[in-house]
Amino acid sequence: DTAVSQTPKYLVTQMGNDKSIKCEQNLGHDTMYWYKQDSKKFLKIMFSYNNKELIINETVPNRFSPKSPDKAHLNLHINSLELGDSAVYFCASSRTSGGPYEQYFGPGTRLTVT
Amino acid sequence: GIQVEQSPPDLILQEGANSTLRCNFSDSVNNLQWFHQNPWGQLINLFYIPSGTKQNGRLSATTVATERYSLLYISSSQTTDSGVYFCAGELYFGNEKLTFGTGTRLTIIP
């Protein structure tokens with residue numbers, strides 16, 4: 001019974017390619033997030049969606065485009081991949097009304113751009 | 001946004017030892033979480049603790065919201081406790097980004 005799942009777990013691709021990462025949560029949460037963890041282990045928010053609407057969009061290149069088809073899914077599409085995009089991408093979800101507001105994270109997708 | 005400072009950055013302990021990890025926030029936070037990132041990279045929720053004290057087995061956490069800090073206690077360390085411990089906070093309840101600290105890397109030696 002995986003609460004937050006991501007696919008794929010590993011993604012190795014060449015510069016210039018386009019790739020997608022998928023995320024699904026079965027916790028009944030109304031908000032989903034994408035975080036990026038760089039090589040120094042620093043975790044930073046990229047996007048958040050509440051009820052399929054974009055709420056937070058940090059200073060992320062517009063090559064990154066999140067899409068939320070419904071409350072349980074949030075996908076991340078990356079165009080024209082660059083070496084600096086190599087990182088671990090985590091999806092998370094939480095409740096944002098009524099509490100508790102704890103965020104739960106998926107297992108991560110390790111993206112390597114060569 | 002808020003700044004989150006964790007200390008110490010690295011900690012090496014013998015199995016069986018106790019430890020205290022600290023997290024300081026630059027502003028009041030309304031949501032505070034502790035995570036353990038294990039050697040396989042998984043982020044495991046340890047505590048959701050906006051205020052007060054909670055215990056879960058050998059781990060406990062205390063948040064003093066008015067003084068903008070939180071502490072994570074690990075007692076009788078085991079090798080499986082190794083990994084990176086992160087604290088993270090939100091300025092507002094819900095619908096807001098978690099800002100993470102830079103982590104404490106804990107290594108437990110058998």
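Residue numbers begin at 1 in each chain, while the letters A, B, ... track the order of the sequences.
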Please check if atom [atom1] in [X] has more than 12 non-hydrogen atoms from other residues, nucleotides or ligands closer than 6.0 Å.
{"X": "R68(B)", "atom1": "CZ", "answer": "yes"}
{"X": "Q14(A)", "atom1": "CD", "answer": "no"}
{"X": "Q78(B)", "atom1": "CD", "answer": "yes"}
{"X": "K41(A)", "atom1": "NZ", "answer": "yes"}

- Where do Q37(A) and F86(B) come nearest, in terms of heavy atoms and distance? NE2-CZ, 3.7 Å

- Note: K97(B) and I45(A) closest approach over all heavy atoms is CD-CG2, 3.5 Å

- Item | Heavy-atom pairs under 4.5 Å with chain A, option from Q42(B), R105(B), Q37(B) with the top count | Q37(B)

- Message: Strictly distance-based, threshold 3.5 Å: is any side-chain N or O of Y101(A) a donor or acceptor partner for the main-chain N or O of E90(B)?
- Response: no

- Can you tell me if N31(B) uses its side chain to pair, donor with acceptor, with the backbone of E102(A) under 3.5 Å? no

- Are V60(A) and L54(A) joined in one hydrophobic group, where the rule is that I, L, V, M, F, W and Y side chains link up if heavy atoms are under 4.5 Å apart? yes

- Task: State plainly whether one hydrophobic cluster holds both I49(B) and Y85(B), where clusters connect Ile, Leu, Val, Met, Phe, Trp and Tyr through side-chain heavy atoms under 4.5 angstrom apart.
- Result: yes

- Message: Could you measure the distance from the OG1 atom of T99(B) to the CG atom of L43(A)? Nearest 0.5 Å is fine.
- Response: 11.0 Å

- Going through the distances and angles, do Y35(A) and L98(B) end up as a side chain to side chain contact (heavy atoms under 4.5 Å, CB included)? CA-CA 9 Å; Y35(A) 287 83; L98(B) 274 178; 3.3 Å; yes

- Item | Side chain / backbone / both / neither for F42(A) at chain B, heavy atoms under 4.5 Å | side chain

